[in-house]
Amino acid sequence: MRVLVLPGDGIGPEITEATLKVLERADAAHGLGLEIERADIGLKSLAEQGTTLPDAVLRRIPEVDGVLLGPVSHYEYPTRDKGGINPSGALRTEFKLYANIRPCRSRPDLTVLRKPMDLVIVRENTEGFYSDRNMFAGTGEFMPDPDMALSVRKVTAKACRAVARTAFELAQHRRKKVTAVHKANVVKLSDGLFLREVRKVAAEYPEVTLEELIVDATAALLIRRPDQFDVIVTTNMFGDILSDEASELSGSLGLGGSISEGDGICVAQAQHGSAPDIAGQGKANPTSLILSAAMLLDWLGRRHDDPRYLAAAKAIEAAVERALDDPGSRTADLGGPLGTDAFTARVCDALAGVVAPA
């Protein structure tokens, strides 16, 4: 299997190297036959090639089996006409990666929650309020005059159906409940369309319970009653905010894995940003990208019906949990003494001794 690695900006190269060490160990243990390719994006490719997302990278992605994407500092990029393209957003729209899947599970001595959390947030990934990427030409944000700014929300039935089906497929193999999160009491047409399509898909999965919940209440219940949620499906911006909230509540934003998937293409990407303030200091927590890489292996295993990849994904997840269980082997952001390399070594050591659950 060929994996294209795009290290990104800030702490991206550091946590990418850490993740590759874990993948190398998993490859050796499970005989995965991984072939790693690397390409530059972000500020490095901007300086060298005049763009943050070279055409060669876009051409290569459909030819490989999966992508590992480091965090990017797109807020620092110039305008698009000067080469500043947000790689994360561009890949999602270019390759129709309609579902962003973000699991969140609380860890007893890291969470602030009084009840356990074990849920998956499935976020529509290509449209919504994200006006920098929701139009075919131009953007959905504009200023008719110097004192007025407008932003257009785009919601399509096709995208809603796709993300809903992903959520229900996941729920079938979990606790069989989907919560559709919306704000249809205010944005009646666009969230009304979202709910209409979710209900249509729900009818195809009679064994899965559908619950509908306003986003305000969801944000509160994630704190008060997180154990009531199994799979949450929602639109782009709501999903972005709620998944960050859930990850932080479960222990840290740095602990959340994430993949963006479409029909035949999957990109693994850490939930968090590029943290330029600690770049190069060797103290970044690589857990999020490591767990995202495990999710990519799981996706490959399911797609190709390959039990080696499924076992490797479970083994990586178990190794990370084993490392996090020991306060002495955590990174500084979690109150531990270790830096990036030392934590990665602990995960690799744990991986060597892990027997993946059946």
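Just so you know, these numbers come straight off a predicted model, no measurement behind them.
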Exercise for review: Would you name the heavy atoms of Pro337 and Pro327 that are closest together and state the gap between them?
Suggested key: CD-O, 3.8 Å
Check your understanding: Which residues pass the salt bridge (Lys or Arg N to Asp or Glu O under 4.0 Å) test with Arg133, sequence neighbours left out?
Key -> none
Check your understanding: For Arg2, does the CZ atom sit with more than 12 other heavy atoms under 6.0 Å from it, leaving out its own atoms?
Key -> yes
**Study point:** Partners passing side chain to side chain donor-acceptor pair (under 3.5 Å) against Thr340 (at least two apart in sequence or in another chain)
**Key:** none
Point to revise | Atom pair CE/CZ of Met1 and Arg303 - distance to nearest 0.5 Å | key: 9.0 Å
Point to revise | salt bridge (Lys or Arg N to Asp or Glu O under 4.0 Å) partners of Arg302, counting only residues at least two apart | key: Asp298
Exercise for review: Report yes or no: do Arg153 and Ser190 form a side-chain donor-acceptor pair below 3.5 Å?
Suggested key: yes
Practice item. Not counting sequence neighbours, which residues clear ring pair (Phe, Tyr, Trp, His ring centres under 6.0 Å) with Phe168? List them please. Key: Tyr205
Exercise for review: Indicate whether any N or O donor in one side chain lies under 3.5 Å from an N or O acceptor in the other, for Thr139 and Asp132.
Suggested key: no
Point to revise | Residue Arg80 excluded, over 12 heavy atoms near CZ under 6.0 Å | key: no
Practice item. Could you tell me which non-hydrogen atom of Ser260 sits nearest to which non-hydrogen atom of Asn100, and how far apart they are? Key: OG-ND2, 3.5 Å
Exercise for review: With sequence neighbours excluded, tell me which residues meet salt bridge (Lys or Arg N to Asp or Glu O under 4.0 Å) with Asp9.
Suggested key: none
Check your understanding: Taking NZ, NE, NH1 and NH2 as the nitrogens, is one of them in Glu321 or Arg105 under 4.0 Å from a carboxylate oxygen of the other?
Key -> yes
Review point. Just wondering, are more than 12 heavy atoms of other shown residues or ligands nearer than 6.0 Å to NZ in Lys177?
Key: yes
Practice item. Would you please name every residue forming a salt bridge (Lys or Arg N to Asp or Glu O under 4.0 Å) with Arg199, sequence neighbours left out? Key: Glu212
Point to revise | side-chain contact (heavy atoms from CB on, under 4.5 Å) between Leu221 and Thr218, worked out | key: CA-CA 5 Å; Leu221 289 171; Thr218 306; 5.9 Å; no
Review point. Is the number of heavy atoms from other residues, nucleotides or ligands within 6.0 Å of CG (Asp109) greater than 12?
Key: yes
**Study point:** Leu97 vs Ile265, side-chain contact (heavy atoms from CB on, under 4.5 Å): CA-CA, chis, key distance, verdict
**Key:** CA-CA 7 Å; Leu97 307 179; Ile265 294 179; 3.8 Å; yes
Point to revise | Residue pair Ser274 / Ser73, side-chain donor-acceptor N/O under 3.5 Å | key: yes
Review point. When you check the gap from the basic side-chain N to the acidic O, do Glu197 and Arg161 get nearer than 4.0 Å?
Key: yes
Point to revise | Side-chain hydrophobic cluster, 4.5 Å single linkage: members besides Ile241 | key: Phe129, Tyr130, Met237
Check your understanding: When rounded to the nearest 0.5 angstrom, what is the spacing between CD in Glu261 and CD1 in Ile259?
Key -> 5.0 Å
Exercise for review: Side-chain contact test, heavy atoms from C-beta onward, threshold under 4.5 Å: evaluate it for Leu334 versus Leu255 and give yes or no.
Suggested key: yes
Check your understanding: Are Asp55 and Arg60 close enough for a salt bridge, meaning some N to O gap below 4.0 Å?
Key -> no
Review point. Which heavy-atom pair separates Ser106 from Pro116 by the least distance, and what is that distance?
Key: OG-CA, 3.6 Å
**Study point:** Summary of ring pair (Phe, Tyr, Trp, His ring centres under 6.0 Å) pairs that have at least one residue in residues 276-330, sequence neighbours excluded
**Key:** none
Review point. Tell me, do Thr234 and His182 make a side-chain contact under 4.5 Å, heavy atoms counted?
Key: no
For residues 288-295, please give each side-chain donor-acceptor pair under 3.5 Å, one per line with the distance, not counting sequence neighbours.
| from | atom 1 | to | atom 2 | distance (Å) |
| --- | --- | --- | --- | --- |
| Ser288 | OG | Gly256 | O | 2.4 |
| Ser288 | OG | Gln271 | N | 3.0 |
| Ser292 | OG | Ser258 | N | 2.9 |
| Ser292 | OG | Ser258 | O | 3.3 |
| Ser292 | OG | Gln269 | O | 3.1 |
| Ser292 | OG | Ser288 | O | 2.8 |

Exercise for review: Considering only NZ, NE, NH1 and NH2 on the basic side and carboxylate oxygens on the acidic side, decide whether Glu24 and Lys21 come within less than 4.0 Å.
Suggested key: no
Check your understanding: Would you say the side-chain atoms of Ser250 and Glu248 include a donor-acceptor pair closer than 3.5 Å?
Key -> no
Review point. Is any NZ, NE, NH1 or NH2 atom of the basic residue among Lys183 and Asp191 found under 4.0 Å from an Asp or Glu carboxylate oxygen of the other?
Key: no
Exercise for review: Count the heavy atoms of every other residue, nucleotide or ligand shown that sit under 6.0 Å from CG of Leu150, and state whether that count exceeds 12.
Suggested key: yes
Check your understanding: Is there side-chain contact between Ile85 and His74, with at least one heavy-atom pair below 4.5 Å?
Key -> no
Point to revise | Nearest heavy atoms of Val233 and Ala167, plus distance in Å | key: CB-CB, 3.7 Å
Practice item. Could you check if a side-chain atom of Pro78 sits within less than 4.5 angstrom of a side-chain atom of Leu46, using non-hydrogen atoms only? Key: yes
Practice item. Could you list the residues that satisfy side chain to side chain donor-acceptor pair (under 3.5 Å) with Asn185, not counting sequence neighbours? Key: none
Point to revise | Heavy-atom closest pair, residues Gly84 and Thr52 | key: C-OG1, 3.7 Å
Check your understanding: Would you say Arg102 and Asp244 make side-chain contact, with heavy atoms under 4.5 Å?
Key -> yes
**Study point:** pair Asn134-Thr93: side-chain heavy atoms closer than 4.5 Å
**Key:** no
Check your understanding: Any Lys/Arg nitrogen of Lys283 or Asp341 sitting under 4.0 Å from an Asp/Glu carboxylate oxygen of the other?
Key -> no
Check your understanding: Would Asn236 and Glu127 count as a side-chain contact (heavy atoms from CB on, under 4.5 Å) if you check the C-alpha gap in whole Å, the side-chain angles of each, and the deciding distance to 0.1 Å?
Key -> CA-CA 7 Å; Asn236 202 343; Glu127 49 185 39; 5.8 Å; no
Check your understanding: Could Glu17 and Arg38 be called an ion pair, given the rule that one side-chain N must be under 4.0 Å from one carboxylate O?
Key -> yes
Point to revise | Flag if over 12 foreign heavy atoms under 6.0 Å of CZ, Arg224 | key: no
**Study point:** N/O donor-acceptor pair under 3.5 Å between Arg225 side chain and Lys115 backbone
**Key:** no
Exercise for review: Using only heavy-atom distances, determine whether the side chains of Asn285 and Thr331 contain a donor-acceptor pair under 3.5 Å.
Suggested key: yes
**Study point:** Worked check of side-chain contact (heavy atoms from CB on, under 4.5 Å) between Val22 and Cys348
**Key:** CA-CA 6 Å; Val22 174; Cys348 288; 4.0 Å; yes
Exercise for review: Find out whether Asp118 and Arg175 are in side-chain contact, i.e. whether some heavy atom of one side chain is under 4.5 Å from a heavy atom of the other.
Suggested key: yes
Check your understanding: Residues in side chain to side chain donor-acceptor pair (under 3.5 Å) with Ser329, at least two apart?
Key -> none
Review point. Quick one: side chain to side chain donor-acceptor pair (under 3.5 Å) partners of Asp326, sequence neighbours excluded?
Key: none
Review point. Is it true that atom NZ of Lys44 has more than 12 heavy atoms of other residues, nucleotides or ligands lying nearer than 6.0 Å?
Key: no
Point to revise | salt_bridge(Lys96, Asp263) N-O dist < 4.0 Å | key: no
Exercise for review: Could you pull out the closest heavy-atom pair between Met135 and Gly140, with the gap in Å?
Suggested key: CG-N, 3.5 Å
Check your understanding: Side chains of Val120 and Ile101: does their closest heavy-atom pair fall under 4.5 Å?
Key -> yes
